[in-house]
2 protein chains.
Amino acid sequence: MPTSPGSRHRRIRSDHATELAEDYVEAIAEIISQQGVCRGTDLAERFAVSHVTVNRTIGRLERDGYVKTEPYAPVELTTKGQRLASESSARHEIVLQFLVALGVPQASAAIDSEGIEHHCSEDTLRCMRKFIEQQDGAQNKK
Amino acid sequence: MPTSPGSRHRRIRSDHATELAEDYVEAIAEIISQQGVCRGTDLAERFAVSHVTVNRTIGRLERDGYVKTEPYAPVELTTKGQRLASESSARHEIVLQFLVALGVPQASAAIDSEGIEHHCSEDTLRCMRKFIEQQDGAQNKK
DNA sequence: ACAGAAATGTAGCCAAAGCTAATATTTCCT
DNA sequence: AGGAAATATTAGCTTTGGCTACATTTCTGT
Ligand SMILES: [Mn+2]
Ligand SMILES: [Mn+2]
Ligand SMILES: [Mn+2]
Ligand SMILES: [Mn+2]
């Protein structure tokens, strides 16, 4: 056996522990770039949860240094939050483009990539990038 | 916009809600087929959690009709549990083989597939199967 | 047979993420 | 200015899924 039996599942649990933070900072960055500011309401709609849940989640993000908030003011990203947002967004984009290149319909690719992105090792991302490039090459030749 | 903004995340949450059940029944079926019976200890080791956590999880699985237990006896799958185990196992196998066919090293593919499997739509699985077949074809030609 | 080891069960703790209801603040419109 | 609408906060609840500590039961080797 290559690795200890339980190690796979430890990784999954760790992936899930950071998943919400990644999706939130990614969403916050996107909403700010699109609308100038990001309000709790925007996030509640985006994630289809109550605004109370957003509030509590934002509280954890602030505790962990990803966002800065003041009462009744829009959410802002810290430098740490911006970095995580960029990384998450880039990774998400790779997974989405990969699925599309593989032939998955856009709607399904959009949904599936939202979950898959959090479980991709560097090995897997590298292979996905390579596949995208190859497909692009084939496209151009046509 | 193709779908409502929050629908993606609803799907992710639903995926995660069934994830543990899928992994457990899959593991139980595998352990039974390998060792004859499946005990809590086997699952605790497999998932790298305490035996108490296994106990509570098994309790939920029983409540939901996937397993049958009696005190101090090994865990058994119901028909419903066996069905879910087969489906989960087949799906997991597709994802694992797909990653390997894509060029991901075995160790990373084993880890990543454990998380990715729960987020693949039928669309994505179909494309993965097709890719595996194409790769197999290319292998045979060589 | 029985002592000790291994497995299982119980009690009680915690954090994350979801919710509703009620309250408070800010913003916007007339 | 004043009231309505939007937004944010607080209180208090739930389920899931993790843990340690301790108690009980079963298995195993001599
Ligand atoms: Mn994302
Ligand atoms: Mn995501
Ligand atoms: Mn899994
Ligand atoms: Mn996941």
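In what follows, chains are A, B, ... by sequence order, proteins preceding strands, each numbered from 1. The figures that follow rest on heavy atoms only: side chains count, while hydrogens, waters and symmetry mates do not.
Side-chain heavy atoms closer than 4.5 Å link hydrophobic residues (I, L, V, M, F, W, Y) into clusters, and following such links, possibly through other members, connects Leu99(B) to Val95(A).
Between Phe131(A) and Phe98(A), the ring planes are perpendicular. Angles over 60° get that label, and only those under 30° would be called parallel.
Among Gln97(A), His92(A), Glu93(A), the one residue that satisfies the side-chain hydrogen bond (donor to acceptor under 3.5 Å, both in side chains) test with Ser113(A) is His92(A).
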Give every pair of a protein N or O atom and an N or O atom of nucleotides 25-28 of chain C that lie under 3.5 Å apart, one pair per line with the distance.
unit_1	atom_1	unit_2	atom_2	d
dT25(C)	O4'	Tyr72(A)	OH	3.2

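Phosphate proximity of dT8(C) to Thr41(B): present, with a side-chain N or O under 4.0 Å from OP1 or OP2.
The interatomic distance linking Leu43(A) (CG) with dA6(D) (C1') rounds to 16 Å, in whole Å. Atom CG in Asp15(B) sits roughly 14 Å away from atom P in dG18(C) (whole-Å rounding). As a whole-Å value, the separation of Ile31(B) CD1 from dA7(C) P is 13 Å.
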Where protein sits on nucleotides 10-20 of chain D, one letter per nucleotide: B base, S sugar-phosphate only, - none, heavy atoms under 4.0 Å:
BB----SBBBB
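With sequence neighbours excluded, no residue forms a ring-ring contact (aromatic ring centres under 6.0 Å, His included) with His51(B).
A donor-acceptor pair under 3.5 Å is absent between the side-chain atoms of Ser89(B) and the main chain of Ser86(B), judged by distance alone. One N or O on the side chain of Thr78(A) and one on the backbone of Gly65(A) form a donor-acceptor pair closer than 3.5 Å.
His119(A) has its ring centre no less than 6.0 Å from the ring centre of His118(B).
Remark: the Thr69(B) side chain and the Glu62(B) side chain contain an N/O donor-acceptor pair separated by less than 3.5 Å.
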